[in-house]
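Heavy atoms only: backbone and side chains are in, while hydrogens, waters and symmetry mates are out. When a ligand or atom number is given, it counts from 1 through the structure's own listing order. Sequential numbering from 1 along the given sequence is applied to the chain's residues.
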Amino acid sequence: MQENQLTIALSKGRIFDETLPLLAAAGITPAENPEKSRKLIIGTNHENIRLVIVRASDVPTYVQYGAADFGIAGKDVLIEHGGDGLYQPLDLQIAKCRMMVAVPKGFDYAAASQPGCRLRVATKYPDIAAEHFAAKGVHVDIIKLYGSMELAPLVGLSDAIVDLVSTGGTLKANNLEAVEHICDISSRLVVNKAALKVKHTLIQPVIDAFAGAIAAEAV
Ligand code: PRT
Ligand code: MG
């Protein structure tokens, strides 16, 4: 571990976009836009701070093993990862959405989800889905998918899906409706436990700047 070097793991897209103002509050400006660049390691205005651009669901893994000192990941991703080796000091209140159960319009979900019933559920979030239905006493066959869950019930792969909803536009466009709210989701700062000790003087000011920016936003 290079003690004077900070590596931050971020995913492209909504998390990167919503993290830019937080980085700015910490005085960090990326040298390039990862949306336009194919580079996976992006420098910043600080010689000793760099960003690594990884898949959203890989952020906790890079941080857990210390390949990145800290990163930003959705609560959905963190629940599925399990959180080993990670401190989660801050809810950043960004990339907010809801984890929902959805079914095709007209499907009698109330009848199909009685205790003792058996339901086929397609999802990218098998742990979250399994826990939700276990608590209701509904038996589920979980079908693990990596994307476009919305398609599954339309072609008979599943009865229902467990997926993230933000505007609701994707469900609507595919003639699906949300029938149950599982939990609210936002993104968290995740910090490697060893790095927090060894690089405390580098990391703590960034955590404080992020916390200040969120508090200012909440006013
Ligand atoms: O895209 P990729 O497969 O690389 O990974 P990813 O989808 O996990 O990454 P990304 O960047 O799309 O999402 C990163 C994080 O943003 C997620 O882990 C969530 O914590 C958070 N987030 C917030 C969302 C959404 N809102 C969201 N709406 N992630 C995904 N969606 C998808 C949802 O799965 C559905 O397909 O958007 C669609 C629904 O959106 P609406 O607006 O039509 O309701
Ligand atoms: Mg995506």
Are [Y] and [X] connected in a single hydrophobic cluster, I mean Ile/Leu/Val/Met/Phe/Trp/Tyr linked by side-chain heavy atoms less than 4.5 Å apart?
{"X": "Ile72", "Y": "Tyr87", "answer": "yes"}
{"X": "Ile185", "Y": "Val59", "answer": "no"}
{"X": "Leu22", "Y": "Leu189", "answer": "yes"}
{"X": "Val77", "Y": "Ile142", "answer": "no"}

Winner among [options] once heavy atoms are compared against [atom]:
{"atom": "atom 37 (O) of ligand 1", "options": "Arg188, Glu18, Arg14", "result": "Arg14"}
{"atom": "atom 34 (O) of ligand 1", "options": "Asp163, Thr123, Thr170", "result": "Asp163"}
{"atom": "atom 17 (C) of ligand 1", "options": "Asp76, Asp58, Ile161, Leu10", "result": "Asp76"}
{"atom": "atom 28 (N) of ligand 1", "options": "Ala56, Ser166, Ser148, Gly74", "result": "Ser166"}

Check each heavy atom of [X] against ligand 1 and say whether those closer than 4.0 Å belong to the side chain, the backbone, both or neither.
{"X": "Cys97", "answer": "side chain"}
{"X": "Leu171", "answer": "neither"}
{"X": "Val165", "answer": "both"}
{"X": "Thr167", "answer": "both"}
{"X": "Glu150", "answer": "side chain"}
{"X": "Met149", "answer": "neither"}
{"X": "Val77", "answer": "side chain"}

Could an N or O of ligand 1 be found under 3.5 Å from any N or O of [X], whether backbone or side chain?
{"X": "Ile15", "answer": "no"}
{"X": "Ser11", "answer": "no"}
{"X": "Arg55", "answer": "yes"}
{"X": "Ser187", "answer": "no"}

| message | Within the structure provided, determine whether Ile182 and Tyr125 are in side-chain contact (heavy-atom separation under 4.5 Å). | response |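 No - every pair of side-chain heavy atoms lies 4.5 Å or more apart.
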If you take all heavy atoms of [X] and [Y], which pair is closest and at what distance?
{"X": "Val63", "Y": "Val190", "value": "CG1-O, 3.8 Å"}
{"X": "Met100", "Y": "Ala178", "value": "CE-CB, 3.3 Å"}
{"X": "Leu90", "Y": "Ala211", "value": "CD1-N, 3.7 Å"}
{"X": "Ala160", "Y": "Val103", "value": "CB-CG1, 3.7 Å"}
{"X": "Pro153", "Y": "Leu176", "value": "CG-CD2, 3.9 Å"}
{"X": "Gln5", "Y": "Leu202", "value": "N-CD1, 4.1 Å"}

Please identify which atoms of ligand 1 are closer than 4.0 Å to at least one heavy atom of [X].
{"X": "Ala95", "answer": "16 (O), 21 (C), 22 (N), 23 (C)"}
{"X": "Ile185", "answer": "20 (O)"}
{"X": "Gly169", "answer": "43 (O), 44 (O)"}

| At the 4.0 Å heavy-atom cut-off, does Ser57 count as touching ligand 1? |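 Outside the 4.0 Å threshold, so no.
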Exercise for review: State if Lys12 counts as touching ligand 1 under the rule of any non-hydrogen atom under 4.0 Å.
Suggested key: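 Per 4.0 Å heavy-atom rule, Lys12 contacts ligand 1.
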(request) Write out all pairs satisfying side-chain hydrogen bond (donor to acceptor under 3.5 Å, both in side chains) with one or both partners inside residues 99-116, taking only residues at least two apart or from two chains. (result)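 Output for this query lists Tyr109-Glu180.
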